[in-house]
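Shown next, in structure tokens, is the structure this report addresses.
None of the values given here were measured: they were computed from a predicted structure.
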Amino acid sequence: MNTELANIFWELAEYLELKQDNPFKIRAYQKAAQNIEALSGNLQTIYKKGGLAALQQIPGIGSHIAEKIQEYTKTGKVSALQKLKKEFPKNFLQLVEIPGLGPKTALMLYKELKIDSPEKLTKAAKAGKLNKLPGMGSKKVANILRGLEIKQESHGRFLLDEATAHAEYLLDEFSKVSEIGKILVCGSLRRGCATIGDLDILVISHKPQKIMDAFVEFSIVQNVLSKGKTRSSVVLKNNMQVDLRVVEDKYFGAAAHYFTGCKAHDINLRKIAMQKGWKLSEYGLIQAKTKKLIAGKTEEEIFAAFGMQYIPPELREARGELKAAEAGKIPKLIELKQIRGDLHMHTKASDGSNTIEQMAEAAKALGYEYILISDHTQSTRIAHGLTEREMLKHIKEIRAANKKIKGIEILVGAEVDILRDGKLDYCDEILKQLDIVLATVHSSFKLPKVEMTKRITAALSNKYVNILVHPSDRLIGERDPIQVDMEKVLQTAKKHNVAMEVNSHPRRLDLTDIYCKRAKELGVNIVISTDAHSTHELKLMKYGVITARRGWLEAKNVLNTMPLAKLLKLL
DNA sequence: GCCGTTTTCGGCCCGACTGTTTTCAGTCG
């Protein structure tokens, strides 16, 4: 519901942009869309409880947008968008999605040449028809053709681990270039977003031209989009775009802040600067009149100049962090080193690649104090789920391994299927013998929301269930999240003292950041686990931690930062 | 279209690169 409405407002903004409507109106829709995406509560529920007035309490939503939400709740449509869509050919928006082709050019192409699709555009460009239009030289046409190719090859956004790997590769390449003072990967990767559109790299150097020359020659670079004195953009061989920015040392903090975003966070801080008679850009925080530099070398001194606490990058999402920083209420976010154990992993017994002993030794090497072996149960046959009889044997094996291996506690668990009717896949007699019981949905993903909510809340009320794992069941870019009333799930979890998992796998990152924040507000305990299917996947924990940080979580909210005795007591 | 410890009207963040523009518009981050 929230996502659908957010998309409607994004689309409205795009069409208005095509029409060259008032740019501030466009921004208003974009802002509303973004705030809706960040909302933990359901818009429909908010509207039903408090009507239009309640909707207007949400930042960026005024009377007109509230009415559109009302219309959508009642009719499932927003007539303003439908009307706008009719003014353009079907799929016309695809043109504006081509890099280098903006709304003004797209509109002109349509008016002059009736171009309304990427296919027609390619054809017209190759036939030499574009050059005859005003403002269209041969380079611009070539640029558009290149944009068409990039669009075709692009897979959209990248998972966090792939983006991290490419960033690390580039850092390694840059380490071979001299004249680099500092280097920092910024953008959505620094903020720890679940998916990454492109990489933003900031470099401090007195010889920017030299850095640029080296950058565009890296062997991993496929295509150079632009190259200037302080900024260059390239496309890598995996179609990932990389933007490089070079500034002087005295602007490092300002540039890092600007380049890290998110965009709305940057804009909000710039507005505050303006109110104070200052100006904020990548070239520092300055007095608007005298141009005197107030702060710029570090991010810390910039926030301090505003009288704010330092805001960690993961919180810079325009979700209330500026107000919190002004009030001194930025939480002390959880860190990877505070994790004492991993409570979700598989072995050869089901669909993992390693033995109990190998997993335990690998976890010990990471410095963990305890782990939970949690193989699949009988219903998940595709993952070799264990029957109850097999489970009993598996329990004995885990207990034996625990006696054998010193220095780490190996707990017995299982990732138990929640059946379609909300019952669990093992009888209570078996569940009773497990130290910790994980529960989740592994089938019938498409159940309607009401049934799915009933199914999961029923499972949570089973007294043996300790943790609901990967609660939304999304696989990023592969499978949509299940339809479920997450607010109700969280409230039920609180009631029955069930913890929620933040699954660290880059394809999942589930619970998502927004619901982490909500869980914290409701006092629901969190566990961050890897769901490792091999020893090397135990290292994915960092992605779960960064997701938890994006959800404002502190160590005290996360059970597996605690010693085992305390953890078991709280579960 | 939103918003208000200057304002219910008149504002709304700031800068780089490209191409074809003889002074700047379009696009992007």
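Atoms CE (M274(A)) and P (dC3(B)) sit 16 Å apart, rounded to a whole Å. Computed from coordinates, the L244(A) CG to dG29(B) P distance equals 15 Å when rounded to whole Å. In this structure, the CG atom of L285(A) is 12 Å from the P atom of dG15(B), given to the nearest Å. One atom, CD of E282(A), and another, P of dC14(B), lie 11 Å apart when rounded to the nearest Å.
Checked for salt-bridge contact, K120(A) and D116(A) meet the test: a charged N lies under 4.0 Å from a carboxylate O. A salt bridge links D213(A) to K227(A): one of the charged nitrogens lies within less than 4.0 Å of a carboxylate oxygen. No salt bridge links E112(A) with K132(A); every basic N to acidic carboxylate O contact stays at or beyond 4.0 Å. Under the 4.0 Å criterion applied to side-chain N and carboxylate O atoms, D200(A) and R245(A) are not assigned as salt-bridge partners. Between R316(A) and E299(A) there is a salt bridge, since at least one side-chain N of the basic residue sits less than 4.0 Å from a carboxylate O of the acidic one.
Distances from the side chain of F259(A) to the nucleotides dT20(B), dC12(B), dG29(B) place dG29(B) closest. Checking dC12(B), dG29(B), dT18(B) against every side-chain atom of K263(A), the shortest atom distance belongs to dG29(B).
Between dC17(B) and T230(A), a contact under 4.0 Å exists linking OP1 or OP2 to a side-chain N or O. Y258(A) has no side-chain polar atom (N or O) that falls below the 4.0 Å cut-off from OP1 or OP2 of dC13(B). Using a 4.0 Å cut-off, some side-chain N or O of K68(A) falls inside it from OP1 or OP2 of dG1(B). Side-chain nitrogen and oxygen atoms of K140(A) include none within less than 4.0 Å of the OP1 or OP2 phosphate oxygen of dG19(B). Note on Q56(A): every side-chain N or O is 4.0 Å or more away from OP1 and OP2 of dC3(B). Between T105(A) and the phosphate of dT27(B), there is a side-chain N or O to OP1/OP2 separation shorter than 4.0 Å.
In this structure, the side chains of N2(A) and E37(A) stay at 4.5 Å or more apart for every pair of heavy atoms. Looking only at side-chain heavy atoms (C-beta outward), I311(A) and H265(A) come within less than 4.5 Å of each other.
The same atom, C1', is picked in dA16(B) and in dG11(B); the two are 26 Å apart, to the nearest Å. The C1' atoms of dC13(B) and dC28(B) are separated by 15 Å, rounded to the nearest whole Å. When the P atom is used for both dG26(B) and dT20(B), the distance is 14 Å, rounded to whole Å. Only the C1' atoms considered, dT7(B) is 10 Å distant from dC3(B), to the nearest whole Å.
Nucleic acid contact for L225(A): none, since no nucleic acid atom lies under 4.0 Å from a heavy atom of the residue. Note on L16(A): nothing from the nucleic acid sits closer than 4.0 angstrom, heavy atoms only. At the heavy-atom level, P99(A) lies under 4.0 Å from the strands shown only through sugar-phosphate atoms. Looking at heavy-atom distances under 4.0 Å, Q241(A) makes contact with sugar-phosphate atoms alone, never a base. At a threshold of 4.0 angstrom between heavy atoms, the contacts of L269(A) with the nucleic acid are absent. When heavy atoms are screened at a 4.0 angstrom cut-off, Y29(A) is found touching the sugar-phosphate backbone but no base atom. Backbone-only contact: L280(A) has heavy atoms under 4.0 Å from sugar-phosphate atoms and none from a base. When heavy atoms are screened at a 4.0 angstrom cut-off, S138(A) is found touching the sugar-phosphate backbone but no base atom. Among the protein residues, K279(A) comes within range of the sugar-phosphate backbone only, with heavy atoms under 4.0 Å from sugar or phosphate atoms but none that close to a base. Among the protein residues, N143(A) comes within range of no part of the nucleic acid, since none of its heavy atoms lies under 4.0 Å from any strand. Residue-level contact check: R27(A) touches the bases, meaning some heavy atom is under 4.0 Å from a base atom. Within 4.0 Å (heavy atoms only), I267(A) reaches at least one base atom of the nucleic acid. Counting non-hydrogen atoms under 4.0 angstrom, S63(A) reaches the backbone sugars and phosphates but no base.
A donor N or O paired with an acceptor N or O is not found under 3.5 Å between the base of dG29(B) and the side-chain atoms of D198(A).
Taking the nucleotide of DNA chain B with the nearest heavy atom to each of K229(A) and G100(A), the more 5' of the two is matched to K229(A).
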